[in-house]
Amino acid sequence: MSFSFGRELRLCSAADFKQVFDHTDIKVSNRHLLILARENNLDHPRLGLVIAKKNIRFANGRNRVKRHIRETYRLNQDCLGNLDIVVLARRGLGELESSEINKLLTRQWSKLHQKLGDRQAKEQASQQKQQLVAS
RNA sequence: CGAGUUGGCUGGGCAGUCGCUGUUGGUGAAUUUUAAUUCACUGGUGGAGGAAAGUCCGGGCUCCAACGGGUAGGGCGCCAGGUAACGCCUGGGAGGCGAAAGCCUACGGAAAGUGCAGCAGAGAGUAAACCGCCUAAGUCUUCAUUUCGGUGAAGAACGGUAAGGGUGAAAGGGUGCGGUAAGAGCGCACCGCAUGACUGGUAACAGUUCAUGGCACGGUAAACCCCGCCUGGAGCAAGACCAAAUAGGGAUCCUAUAGGUGUGACCCGCACUGGAUCCGGGUAGGUUGCUUGAGGUGUCUGGUGACAGGCAUCCCAGAUGAAUGAUUGCCCAAGCUUGUGUAUGACUUGUCAUAUACCGGCUGGACAGAACCCGGCUUAUAGGCCAACUCGACCU
């Protein structure tokens with residue numbers, strides 16, 4: 001169990017972001033935010049944030065939202081396998097109370113975890129099928 | 001104690017747990033050349049603001065060959081001082097507001113020129129007769145009178161008049177007396193105004209001062225304009241460097257002292273250079289700039305003050321897909337509230353209203369986030385604290 005949040009757990013270049021946008025495997029969406037994710041070749045998840053000035057006007061609010069996303073990500077990272085994740089803020093997220101944001105995010109992370117589990121199960125099933133066919 | 005004015009300070013605190021980031025020490029590992037670099041673990045120690053914001057001014061710094069001259073454009077505008085500089089600040093003057101403390105002012109020139117002014121009103125810029133007042137002098141008519149020259153009265157036109165009414169934001173000094181046909185700075189006195197002297201003040205400017213002038217010169221310059229002063233442009237995505245990749249091209253056309261580029265206001269000057277079009281290739285990433293500075297704190301000296309100088313002492317964020325956080329508990333400020341007590345007022349004489357104290361419960365932090373750095377301005381801001389001053393009430 002790890003709660004650290006170092007540089008290797010973030011998306012740090014435009015190329016990484018582009019990978020996620022172009023080949024999205026999993027999508028989790030909500031009225032206030034949108035999460036895109038894609039499996040990577042590492043043994044840990046990576047997080048990137050897209051908080052547009054258009055959607056949250058003041059720098060103060062943007063910082064607040066980013067901190068909450070990072071914090072909840074940090075606490076839930078063990079559930080997230082080896083995904084590259086990009087979180088996009090939508091309009092209205094800045095108006096929510098801090099506790100509401102936290103609740104919302106925890107829910108979204110668990111949803112993402114579920115979808116990842118489904119996907120992996122599916123893959124395993126198909127692999128088994130292939131093996132069966134091959135044998 | 002209440003009402004107010006001005007200036008300044010503060011912008012929740014403590015502890016635990018889990019994190020982010022700068023720096024520094026230790027241990028281990030890897031690479032190579034002593035040592036350095038990178039990574040991991042671990043200990044210490046820093047880590048948003050008064051506005052970090054708006055990007056409205058002024059600087060530093062960097063580049064544009066150097067920033068040279070001129071024009072245009074832009075900015076500023078009472079005086080003196082402060083400052084690296086400013087459109088900022090301080091002190092003073094003038095005008096306006098307030099009972100006062102105090103506050104506000106885009107505050108040069110309208111006697112160089114041009115322009116502009118709705119409605120109302122007769123007239124709005126070398127003033128103007130709508131109502132009103134007057135009809136003296138000169139003219140005409142009628143009547144009376146006559147010594148036949150005139151004289152008197154009434155009326156009329158021509159005309160005079162800015163005192164009164166009316167219009168308007170504004171009608172070309174005000175009040176009084178004289179004067180007059182009625183009036184009028186027409187004359188005089190006082191007040192105001194203008195010009196010149198004198199006095200005070202560095203100056204803006206001021207004056208129970210003197211002289212002169214009957215008074216001219218309406219407003220508007222955040223309208224053009226004139227006068228004085230200031231001003232080259234772009235910005236840290238400035239700029240410099242490292243490693244790596246690609247290229248050191250191809251085709252067509254034009255040309256010989258002009259053209260182009262620098263040059264992003266224009267001209268001159270200067271510097272560099274064959275040029276134009278199309279095709280192809282190509283700018284991913286990292287380091288630096290990057291925080292020691294017109295610096296902070298304390299104290300002394302000079303100055304009314306802004307501020308300046310001396311001495312001592314301190315080092316106080318440097319992120320870059322962008323750190324400075326999350327959560328739990330307690331405390332403090334504040335708000336709401338059940339209950340209890342006290343005081344005052346009202347009356348339906350035990351209820352209601354207001355103020356205040358205590359115990360408990362609940363809620364619970366304003367505006368807002370560095371991005372090269374400073375000095376200002378402007379705007380946002382829950383509250384809390386301090387000082388000085390003004391006015392009012394009460395007590396001594």
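Only a predicted model underlies this, so the values are computations on that prediction, with no experimental measurement involved. Below, chains carry the letters A, B, ... as their sequence lines are ordered, and counting in each starts from 1.
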A:I51 CD1 to B:rG321 P, straight-line distance once rounded to whole Å: 15 Å
Euclidean distance, atom CG of residue A:L105 to atom P of B:rU327 [Å, nearest integer]: 12 Å
Strand partner of B:rC270, provided both Watson-Crick or wobble distances fall under 3.5 Å: B:rG262
Residue list, side chain to side chain donor-acceptor pair (under 3.5 Å) with A:R64, at least two apart or on another chain: A:S98
Pairs where residues 107-121 of chain A contributes a residue and the test salt bridge (charged side-chain N to carboxylate O under 4.0 Å, His left out) is met, not counting sequence neighbours: A:D25-A:R119, A:E39-A:R119, A:R119-A:E123
Base paired to B:rA387 (Watson-Crick or G-U; both N/O distances under 3.5 angstrom): B:rU6
Paired nucleotide for B:rG46 [Watson-Crick or G-U wobble; both distances under 3.5 Å]: B:rU21
With A:N60 via side-chain contact (heavy atoms from CB on, under 4.5 Å) - residues at least two apart: none
Value in whole Å for how far the P atom of B:rU17 lies from CD of A:E71: 16 Å
Protein-nucleotide distance (A:L47, atom CG; B:rC20, atom P), rounded to Å: 14 Å
Rounded distance (Å) that lies between atom C1' of B:rG325 and atom CG of A:L49: 14 Å
Under 3.5 Å on both distances, the Watson-Crick or G-U partner of B:rG121: none
Short side-chain N/O contact from A:R70 to OP1 or OP2 of B:rA323, under 4.0 Å: yes
Between P of B:rA53 and CZ of A:R62, the distance in whole Å: 13 Å
Partners passing side chain to side chain donor-acceptor pair (under 3.5 Å) against A:Q108 (at least two apart in sequence or in another chain): none
Watson-Crick or G-U wobble mate for B:rU277, both contacts under 3.5 Å: B:rA251
A:R74 CZ to B:rA323 C1', straight-line distance once rounded to whole Å: 14 Å
Pair partner, B:rA346 [Watson-Crick or wobble, under 3.5 Å]: B:rU351
Interatomic distance, A:Y73 OH vs B:rC20 P [rounded to whole Å]: 12 Å
What protein N or O atoms touch nucleotides 367-372 of chain B N or O atoms at under 3.5 angstrom, if any, and at what distances?
residue: B:rA368; atom: N7; partner: A:N60; partner atom: ND2; Å: 3.1
residue: B:rG369; atom: OP2; partner: A:N60; partner atom: N; Å: 3.1
residue: B:rG369; atom: O2'; partner: A:N63; partner atom: ND2; Å: 3.3
residue: B:rG369; atom: N7; partner: A:N63; partner atom: ND2; Å: 3.4
residue: B:rG369; atom: O6; partner: A:R67; partner atom: NH1; Å: 3.1

Can you give the donor-acceptor pairs under 3.5 Å from side chains of residues 28-37 of chain A to other protein atoms, not counting sequence neighbours?
residue: A:N30; atom: OD1; partner: A:H32; partner atom: N; Å: 2.9

